[in-house]
Amino acid sequence: MLFADWFESPQPGRREALGPEAYVLRGFALDYVPRLLPELRAIQQAAPARHLVTPGGRTMSVALSNCGQLGWTSSRDGYRYTAHDPDTGKPWPPMPAVFLELAQAAAAQAGHPGFAPDACLVNHYVPGARLTLHQDRDENDLGEPIVSVSLGIPATFVFGGLRRTDPTQRVPVFHGDVVVWGGVDRLRYHGVLPVKEAEHPELGRLRINFTFRRAR
Ligand code: MD3
Ligand code: FE
């Protein structure tokens, strides 16, 4: 299938270093996809993705949901992790076993055995959605890595340094790619360029990114 193939990494199984402790694991999640998609639909039912407002008053173009013991939210009051969905008052849906299995296997592959995430952010991007350059620093122990899984239409990660103004690299990510960021790379600025118009055979006009974290 010439067209569908374009959505997947041309070199599945390859490990690319983005920094001393940051790796792209090309195609690492592909074998998990049939088990991930039904769980994703269940999360979407229990805690629909929503466009959060930043403390600065902007509405995010990315729509966010969460699963796991803790979920990340933003409002005019700031960013934080909470045990309950502020929209419903219910606990976030539990992290599916297959999500945990994938996150742990990817972390181990990148040198972080025993990763025990308690939070999983589920970002939804339609074409045009983007994530501006930021650091992930709301987690308690910055010694713990972050595992990111990309599904659906492709995107380009922007990956900078420890200061907002440091030079950046661009890294294309495809359906099934996993990125692990730890150690000296954990606080690097990063973002996602506006997603280009495309339609994925399984997910349609959508990119989903899970990020697994140890929040507390
Ligand atoms: C580099 N998500 O949710 S994951 C986020 O594709 C987030 O949805 C993006 O950034 C997405 O906060 C990118 C890539 C990522 C995640 C954490 C990092 C890159 C990172 C932590 C340190 C350095
Ligand atoms: Fe981030």
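For ligands, and for the atoms within them, numbers begin at 1 and follow the listed sequence.
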K.L.:
Tell me which donor-acceptor pairs under 3.5 Å the side chains of residues 150-162 have, and how far apart each pair is, sequence neighbours excluded?
P.N.:
| from | atom 1 | to | atom 2 | distance (Å) |
| --- | --- | --- | --- | --- |
| S150 | OG | R207 | NH2 | 2.8 |
| S150 | OG | N209 | ND2 | 3.4 |

K.L.:
According to the interplanar angle, ranging from 0 to 90°, do the rings of F210 and F212 count as parallel (below 30°), tilted (30 to 60°) or perpendicular (above 60°)?
P.N.:
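It falls in the tilted class, 30° to 60°.
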
K.L.:
One thing to verify: whether R213 and D136 come together as a salt bridge, which I'm taking to mean a side-chain N less than 4.0 angstrom from a carboxylate O.
P.N.:
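Counted as a salt bridge, because a side-chain N and a carboxylate O are separated by less than 4.0 Å.
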
K.L.:
Should E139 and R214 count as an ion pair when the cut-off is N to O under 4.0 Å?
P.N.:
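No, this pair does not count.
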
K.L.:
Could you please spell out the steps behind the salt bridge (Lys or Arg N to Asp or Glu O under 4.0 Å) verdict for R50 and D87?
P.N.:
CA-CA 10 Å; R50 76 287 311 250; D87 281 8; 3.4 Å; yes

K.L.:
Strictly by side chain to side chain donor-acceptor pair (under 3.5 Å), give each pair with a member in residues 97-121 just once, sequence neighbours left out.
P.N.:
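Applying side chain to side chain donor-acceptor pair (under 3.5 Å) to every pair that reaches into residues 97-121, excluding sequence neighbours, yields R35-E101.
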
K.L.:
To check your reading of the site, what angle at the Fe ion (ligand 2) do NE2 of H134 and NE2 of H190 form, to 10°?
P.N.:
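Rounding to the nearest 10 degrees gives 90°.
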
K.L.:
Given a heavy-atom cut-off of 4.0 Å, could you list the residues near ligand 1 in chain and number order?
P.N.:
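Residues N123, Y125, L131, H134, D136, I146, S148, F157, F159, W181, D185, R186, R188, H190, V192, R207, N209, T211, R213 each place a heavy atom under 4.0 Å from ligand 1, listed by chain and number.
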
K.L.:
If the condition is ring pair (Phe, Tyr, Trp, His ring centres under 6.0 Å), which residues does H51 pass it with, not counting sequence neighbours?
P.N.:
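Expected list: none.
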
K.L.:
Would you name the N/O/S atom of D136 that lies closest to the Fe ion (ligand 2)?
P.N.:
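The atom in question is OD1.
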
